[in-house]
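Here's the structure we're looking at; comments come further down.
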Number of protein chains: 2
Amino acid sequence: MNETSGTAAAQPTERIPAAERREQILAAASVVFGERGYSGATTDQVAKAAGISQPYVVRMFGTKEKLFLEVLARALDRLIVGFRQIIAEPREPGDDEVELLAARLGAAYVDLIEDRGILLSLMQAFISGHNPVVGAKARAGFLEIYRMLRDEAGFPPDAIREFLADGMLFNTLLAIRLPDIFDEDPDAEELMRCTFRGKLDVVLGATAAEAAEHA
Amino acid sequence: MNETSGTAAAQPTERIPAAERREQILAAASVVFGERGYSGATTDQVAKAAGISQPYVVRMFGTKEKLFLEVLARALDRLIVGFRQIIAEPREPGDDEVELLAARLGAAYVDLIEDRGILLSLMQAFISGHNPVVGAKARAGFLEIYRMLRDEAGFPPDAIREFLADGMLFNTLLAIRLPDIFDEDPDAEELMRCTFRGKLDVVLGATAAEAAEHA
DNA sequence: GTCTATAGTCCGATAGAC
DNA sequence: GTCTATCGGACTATAGAC
């Protein structure tokens, strides 16, 4: 409340290289698409968040759909590259190799989806199964993660299911903003604690930091 | 392809009681909102699916938002009532009481989200955490399920987490329509099998039935 | 590299007839 | 109980200047 009109735009916008501007737009778009969904988001909201004019956003990406697809591709890429890195890290052999690796991957995942734009862009893709383009990317991305866990990480089926299931529950609880109602309902915190266990501090730290940033 | 224009409407629409018409609209809206999302769906699409005119949809529910909220409330209600029924069923005491009950609830959940409208309406709500009204309903609904599992079903924390996590993975795999690409990618079926295990036949049966219906 | 202006659509909601 | 007609607003994308 009482902000001075939108997200600081107008004024004689600075001229910056297209590549850099592209990144700004993608970052802004990730947030806006995440909050409002593909259909709910407008190119004007993205433009305002990036501090430029609406036609410029369209000019740079061709169409709103292409912009969304690029946002989604980036999110999937960060996820896949991040996981692959962790799997490739040297580990000592032992009985709990799977468990340790799962814990590391889980922690990395929580770190990643602390970025609400990434979290929600992924979830937007998940519920777009009916869309030929977006749906196909979502399916392909999910299967790539599956294969990585099976072939590169060497997880047995049960470990894969558990890992993916936990991830989807993380997604959901963060997406519905459960931490927002810790004050009103103690069960909210209890459920978060039972779900995230050790990782809860990380999540709450991020949430608090984000809140502070927006204040 | 080659369908005779839309979903059978126009013509001198039959006069039916408002209550019955309401149900028709809600059923149609569940499907349309599920496929396109709250923003992506139009009241005209709902109207066509229900076989009536667009203004009549608005007239009956006031606004598009109120219509969506009613769809969501119905979905949550079916879920909660269904679970409560199963929990209340008599069970023999034994060591695996939790496991058995979890299996029954899981089967009921899979049955419920075979209805794509219900599945996707719920997921739409999950990603609307930023929306004050929808977000609040989603949080409240999730917490009610949590309390039910904790207090009425007597699940320990780990069982709750596992149950909820599996449910969210079910949601995701069905939402992205993984069964659609069984032919193109054998890993899709493998992942579904590893996730749904015994329940896979149920899911695939439903998917096949739906496909047949739409053909 | 970036903007202003605006064309062209689509959509939710209202008015009012039957 | 249901429709047709339509208003007013919002949004994507294009045109063209600087």
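Each chain gets a letter, A, B and so on, in the order its sequence line appears, and its residues count up from 1. All of these numbers come straight from a predicted model, not from anything done at the bench.
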Subject >> Under-4.0 Å side-chain N/O to phosphate OP1/OP2 contact, A/Ser53 with C/dT2 >> reply: no
Original post:
Rounded to whole angstroms, how far apart are CZ on B/Phe33 and P on C/dG12?
Top reply: 8 Å
Original post:
Charged N to carboxylate O below 4.0 Å: is that the case for A/Glu23 and A/Arg74?
Top reply: yes
Original post:
Would you call B/Lys66-B/Glu70 a salt bridge at under 4.0 Å N-O?
Top reply: no
Listed pairs, N/O of protein and of nucleotides 15-18 of chain D, under 3.5 Å:
from, atom 1, to, atom 2, distance (Å)
D/dG16, O6, A/Arg59, NH2, 2.9

Original post:
In whole Å, what is the span from the CD atom of B/Glu14 to the P atom of D/dC3?
Top reply: 12 Å
**OP:** Have a look at B/Ala19 and say if it touches a base, only the backbone sugar-phosphate, or nothing, with a 4.0 Å heavy-atom cut-off.
**Re:** nothing
Original post:
Should the pair A/Glu35-A/Arg177 be classified as a salt bridge under the 4.0 Å nitrogen-to-oxygen rule?
Top reply: yes
Original post:
Do any pairs count as a ring-ring contact (aromatic ring centres under 6.0 Å, His included) and have a residue in residues 116-138 of chain A, sequence neighbours left out, and if so which ones?
Top reply: A/Phe126-A/Phe142
**OP:** Figure out the CZ/C1' separation between A/Arg22 and C/dT2, and round it to whole Å.
**Re:** 16 Å
Original post:
Rounded to whole angstroms, how far apart are CZ on B/Phe61 and P on D/dT2?
Top reply: 12 Å
**OP:** In whole angstrom, give the distance that lies between atom CD of B/Gln54 and atom C1' of D/dC3.
**Re:** 11 Å
Original post:
Regarding A/Lys64 and the six-membered ring of A/Phe33, is the cationic atom NZ or CZ under 6.0 Å from the ring centre and inside 45° of its axis?
Top reply: no
**OP:** Not counting sequence neighbours, list each pair that qualifies as a ring-ring contact (aromatic ring centres under 6.0 Å, His included) and has a residue in residues 167-190 of chain B.
**Re:** B/Phe170-B/Phe196
Subject >> SB check B/Arg147 A/Asp185 (cutoff 4.0 Å) >> reply: yes
**OP:** Quickly work out the A/Arg36 CZ to D/dC11 C1' distance and round it to whole Å.
**Re:** 13 Å
Original post:
In whole angstrom, what separates B/Asp44's CG from D/dA5's C1'?
Top reply: 14 Å
**OP:** Using whole Å, report how far OH of B/Tyr56 lies from C1' of D/dT6.
**Re:** 21 Å
Subject >> Position toward the 5' end of DNA chain D (nearest nucleotide), B/Ile16 or A/Ser39 >> reply: B/Ile16
